[in-house]
Asker: 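Mind having a look at this structure? Questions to follow.
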Protein chains: 2
Amino acid sequence: MKSNFNDKQIQILEVAETLFAEKGFDGTSIRNIAKVAKINIAMVSYYFGSKERLLESLIVYRTSDLKNQLENLLQEDLEPIDKINKLIELYINRINSNRGIYRILHFEFTSKKREQNLQAFSELKKGNLKSLETIIEEGQKKGIFRKDVIIPLIAPTILGTFFHFHMNKPFFENLLNLKTEDLYNNYIKTNLTKHIQQTIKALLIYES
Amino acid sequence: MKSNFNDKQIQILEVAETLFAEKGFDGTSIRNIAKVAKINIAMVSYYFGSKERLLESLIVYRTSDLKNQLENLLQEDLEPIDKINKLIELYINRINSNRGIYRILHFEFTSKKREQNLQAFSELKKGNLKSLETIIEEGQKKGIFRKDVIIPLIAPTILGTFFHFHMNKPFFENLLNLKTEDLYNNYIKTNLTKHIQQTIKALLIYES
DNA sequence: AACAAAACTAAACAAGTGTTTAATTTAAAC
DNA sequence: GTTTAAATTAAACACTTGTTTAGTTTTGTT
C-alpha cells in the first residue's frame, strides 16, 4: 500500500511523533513542531486541518502494517509455544522500534479527553487479541496449554510488562546499570523479552 | 503522622487529583481546578506557590503510607507464595482505590519534562522492590522458588499488567461486558488479581 | 473595640495557544 | 510565455495560560 502522505507531511508527522512522545500532546504546541520541522506554523493546519487531526493522521501513518505481520505469523508452521514466543518477540521488537507512537497511543488514548478517536485503535487491538486467541486455542486443543487461563488478560501481561519497564526507563537504567542506549536496547531484546516469554510459557504450561 | 495540609489545601489537592488523572497535567488549567473546587484562581499560587509545586504536594499527600503497609506484610508469618499473593493483592487494591494519583505518577513522571521531581518517587520504587526481593529470596532459600528469575522484572509484570488493563478500560469494559463501575471493579478484584497471582506463581514455581 | 495576621478576591499582566487571513512565491500545465 | 493551481509566508485573530498585584474581608488575639 502506497502512503497517502507526501514528503512534507511525513516530515511534519515524524517531528510531531518525537515531540508528542517526549512532552505529550497537550505539552506540545504547533509552533514547537513548526520550529523543529523548520516549516511555517500555518502548514500544519494547511496539510492536516488541525492539531487534533494531525494526531489522527500520525496514528494511521504508524499502525497500518502491524495487522499483516501478525497474520503472516499465524500461517507459519510452528508449535504453539514457539508461535507465542515469536509473537512476543514481534510485539516487543515492533513497539520498541516505534516507541514514539506507542507511547503516544498509550498516553493520549486512555484519557477521557480523546475517547472518540478510539475506534480505529480499538479495532487494531481486537484484531491482535484474535490472533493471540487463535494460537492459544490451538495449543489447548493439542493438550499442551492449560485451559483455565483468561486469554484477554495475557495481552496486558505481555504489553504491560514491557510498557511498565519502558515507562520507568530512568529507574531501570540506574538499577540495572544500563549506561548507554545500546545497553538499554540490548537488555530489552534479550533479558526483558526472555522474561516475558518465560512468564507466559510458565503461565500456559504450568500444571498445579 | 499528621497531615501538613489544611482543609482548603486538601480540597484543592483532591480536585487537582481528579482533573490531572482525567486530562493530564498539561491538559488541566488552574482556572479549571479553581472552578471545580469553587475557589479563586489565586488560591493555588497562594497555598502551593505554583502549579508545578501543587503536583509535588499531591504526590507527597498520596504516597506517604505505602511503605508501612509493605513492611507490615514482610513481618507476617506466611509461606513465601502466600506473601507474594498478599503483596499482589495489596498492590492492586491500593492502586485501584487510588487510581487518580497512580495514573498521574504513571503519566507525568515518565516524560522528559519532569525528570527532576523523580527522586522521591524513585526512592519509593526502590523500597518496594527491596520488599519483593526479600520475599522471593526467602522462597528460593526454602527451595520453593526457581532461581533463574529476574526479580526486578517481576514488578513490571505485576504492575504493568494492571496498568495496561486499566489504561485500556473502555476497551475491556466493552470486550468483557463490564457495563457498570461495580462490575469493572469486581473484575479487577477477582479475575485480574487472580490472573496476576496465577502468572507470578507459575513463573516462580514452574520447573522445565 | 482595636489591631494584626491570614484568607480571599477581582483585575491585570505578559506570554503562549490553535487557527485564519490575505498576500506572495513556486511549480505544473497548456 | 502565460495561466492556473499548489505551496508557503508573515501577520493578525481571539482566546487561554500561569502568576502577580493591590486591595478587601474574615479571623483570631490582646
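Note: hydrogens, waters and symmetry copies are ignored here, and every other heavy atom, side chains too, is used. Letters A, B, ... mirror the listed sequences (proteins, then strands); counts begin at 1.
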Asker: Does OP1 or OP2 of C/dC8 have a side-chain N or O of B/Y46 closer than 4.0 Å?
Answerer: no
Asker: OP1 or OP2 of C/dC8 sitting under 4.0 Å from any side-chain N/O of B/K8?
Answerer: yes
Asker: Could you check A/A42 against B/I41 and say which one's nearest nucleotide on DNA chain C is further toward the 5' end?
Answerer: B/I41
Asker: Counting the atoms with a prime plus P, OP1 and OP2 as sugar-phosphate, which does A/Y47 contact under 4.0 Å by heavy atoms, base, sugar-phosphate, or nothing?
Answerer: sugar-phosphate
Asker: Does B/S45 reach a base, just sugar-phosphate, or nothing at all? Heavy atoms under 4.0 Å.
Answerer: base
Asker: Kindly confirm or rule out a cation-pi arrangement of A/K169 over A/Y184, judged by NZ or CZ under 6.0 Å from the six-membered ring centre and within 45° of its axis?
Answerer: yes
Asker: From CD1 of B/I30 over to C1' of D/dT17, roughly how many Å is that when rounded to an integer?
Answerer: 9 Å
Asker: Can you find a side chain N or O atom of A/S29 that sits less than 4.0 Å from OP1 or OP2 on C/dG16?
Answerer: no
Asker: CE of B/M43 versus C1' of D/dG18: gap in Å, rounded?
Answerer: 16 Å
Asker: With no angle test and no hydrogens, is the base of C/dG18 tied to the side chain of A/R31 by a donor-acceptor pair under 3.5 Å?
Answerer: yes
Asker: Rounding to an integer number of Å, can you tell me how far B/K51 NZ sits from D/dT16 P?
Answerer: 15 Å
Asker: Take atom NZ of A/K35 and atom P of D/dT9, then tell me their distance rounded to the nearest Å.
Answerer: 16 Å
Asker: To the closest 0.5 Å, what do you measure between CG (A/L203) and CD (A/Q198)?
Answerer: 12.5 Å
Asker: Is the closest side-chain heavy-atom distance between A/H195 and B/I154 below 4.5 Å?
Answerer: yes
Asker: Could you state the CZ-P distance from A/F48 to C/dT19, rounded to the nearest angstrom?
Answerer: 13 Å
Asker: Expressed in angstrom and rounded to an integer, what is the separation of B/I39 atom CD1 from C/dT9 atom P?
Answerer: 8 Å
Asker: Taking the inter-plane angle between the rings of B/F5 and B/F48 on a 0 to 90° scale, is it parallel (under 30°), tilted (30 to 60°) or perpendicular (over 60°)?
Answerer: tilted
Asker: Rounded to whole angstrom units, what separation is found between the CD atom of B/Q11 and the C1' atom of C/dA7?
Answerer: 13 Å
Asker: Within this structure, what is the CG-to-P distance between B/N32 and C/dT17, rounded to whole angstrom?
Answerer: 18 Å
Asker: Please determine, by modelled atom types, if A/N40 and A/Y46 share a side-chain donor-acceptor pair under 3.5 angstrom.
Answerer: no
